Amino acid sequence: MIDLKVVRENPEAARRSQEVRGEDPSLIDALIAADDARRLALIEFETLRAEQNQLSKSVGSAKGDERNALLESAKELATKVKAADAVRAELEEKTNALQLQISNLIDPDAPVGGEADFVVLEEIGTPRDFTKDGFEPKDHVEIGKILKAIDTERGAKVSGSRFYYLTGPGALLEFALINFAISSAVKAGFIPVIPPVLVKPAAMEGTGFLGQAAENVFHLEEDDFYLVGTSEVPLAAYHRDEVLEELPVRYAGYSSCFRREAGTYGKDTRGIIRVHQFDKVEMFIYCKPEDAKAEHQRLLQWEKDFLNAMEIPYRVIDVASGDLGSSANRKFDCEAWIPTQGTYREVTSTSNCTEFQSRRLNIRYKAEDGTKPLATLNGTLVAIPRMIVAILENHQNEDGSVNVPAALRPFLGVDTLVPA
RNA sequence: GGUGGCGUGUCUGAGCGGCCUAAAGAGCACGCCUCGAAAGCGUGUGUGGGGGAAACUUCACCGUGGGUUCAAAUCCCACCGCCACCGCCA
């Protein structure tokens, strides 16, 4: 939720933010108008209410005829108060609804434009030259079959498209990645967390996933639970309605993630790049607003460290305004080189949500001058399927065996994955 | 799933229609005392919104949402959560 005061003080910046997101700038003016009306109605109600409080008090001590006369006028006043309160409530609701519709203000430094208008910040590593190695790279589906590591056919049989089984070395690879990720995170000072993956609507709404992103969320109708698409949701809602004393707080959440992937028919249908269910280690940080930019850079650095450890070529992009989630004011993606696609594909992503989520979730910290909303940030440490894709494809040998990155060997116990 | 009990400020906890402007204690902060500390004594002690240049003022908040009433922490309804016991269960 954006700060009403900021909007009132600088409506121009808010309108511009809406514009570069490709969202409706007139919402800002509607919000300001609604808020003005709301404040007028609030004054009206409060004046009447103060009168009523006073009158009610005198009823208590009055006797006989005097009391009856007071009751008479008090009754009249009560209906007025009720009416004024109804008006106030309606306007408050209207203001609130508008406020919830507006996405976070974009960082002015973020590139402007749509999905294709990202800016490449750096490229790290060099894509492997397979012609020099003398063979045609196989894609991860093929390698997965040869190694008996990934079974998409049976995944589809049992659960439908975009489902898969990780078997044998595939399953072991997941455990190794998780263990490496968690142990690195703990070394970096993160508190490891295994959160619930079914959450109530308030948690979804508070993190900003029930806006435009709602169609990508699984919902259990009967029990009104949502399946989280990322542990960012339970990690953000973890401190809902709390006042934190010590900042920053850093959590590394490990959970399954569920995504409907509505509107992606025909996109990435082969393999496990885009799936309905996967496991992920997510970093989540609560910090002071003034530290948010620095924390964002740290998150990006931890993501880069992980990819470096996987020995995978990748690039870092500064995601353009129109492609940001509604909670984010800036987002960096790390994209790994996928040899068989001849392109970089997103494997991790980190967003600075400033005070947007904490305002919705009512999470504050003790500042010198009172309790204030804090900043939240999130970043992927490792999303299993995509990392497996990157590892299998980049580190494959001609016979379908795969060299294990040195960092993973202690966790996997072998140097090479070999065909069964 | 069933039955019973309970949700009050930072915490413990009283209040069960109008002297609630929420008792009391603890904690915390400041002051006095002290070489210093403890004890003791005194003072203060929430959040959010509105108005105001400010002093200040006003409204809301006793799990959440409705309702009854001139007036609700207090009465009624629904929901959520916690605890105990019973049933079922990895």
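We name chains A, B, ... by the order of the sequence lines, and we start the count at 1 in each one. What you are looking at is a predicted structure, and each value in this text was computed from that prediction instead of being measured.
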Side chains of [X] and [Y]: donor-acceptor distance under 3.5 Å anywhere?
{"X": "A/Glu393", "Y": "A/Thr340", "value": "yes"}
{"X": "A/Lys280", "Y": "A/Thr380", "value": "no"}
{"X": "A/Asp305", "Y": "A/Ser184", "value": "no"}

(message) Taking the nucleotide of RNA chain B with the nearest heavy atom to each, does A/Lys75 or A/Glu92 sit closer to the 5' end?
(response) A/Glu92

Think [X] has a side-chain N or O under 4.0 angstrom from the OP1 or OP2 of [N]?
{"X": "A/Arg364", "N": "B/G48", "value": "yes"}
{"X": "A/Arg49", "N": "B/U58", "value": "no"}
{"X": "A/Asn53", "N": "B/C59", "value": "yes"}

(request) Please list all pairs passing the salt bridge (charged side-chain N to carboxylate O under 4.0 Å, His left out) test where one or both residues lie in residues 146-156 of chain A, with sequence neighbours left out. (result) A/Lys145-A/Glu153, A/Asp151-A/Arg154

(message) Between B/A73 and B/G63, how far apart are the two C1' atoms, rounded to whole Å?
(response) 12 Å

(request) Using a heavy-atom cut-off of under 4.0 Å over every strand shown, decide if A/Gln52 touches base, sugar-phosphate, or nothing. (result) sugar-phosphate

(message) From the set B/C70, B/C80, B/C59, return the single nucleotide nearest to any side-chain atom of A/Ala50.
(response) B/C59

(request) Choose from B/A72, B/C80, B/C70 the nucleotide whose nearest atom is closest to any side-chain atom of A/Ser56. (result) B/C70

(message) Determine whether the aromatic ring centres of residues A/Phe258 and A/Tyr226 are separated by less than 6.0 angstrom.
(response) no

(message) Could you identify the nucleotide paired to B/G4, looking across every strand shown and requiring Watson-Crick or G-U wobble geometry with both distances under 3.5 Å?
(response) B/C83

(request) Return the orientation label for the A/Tyr251 and A/Tyr286 ring planes: parallel under 30°, perpendicular over 60°, tilted otherwise. (result) perpendicular

Can you give me the N/O atom pairs linking the protein to nucleotides 50-52 of chain B at distances under 3.5 Å, or say none if there are none?
{"from": "B/G50", "atom 1": "OP1", "to": "A/Arg8", "atom 2": "NH2", "distance (Å)": "3.4"}
{"from": "B/G51", "atom 1": "OP1", "to": "A/Arg39", "atom 2": "NH1", "distance (Å)": "3.0"}

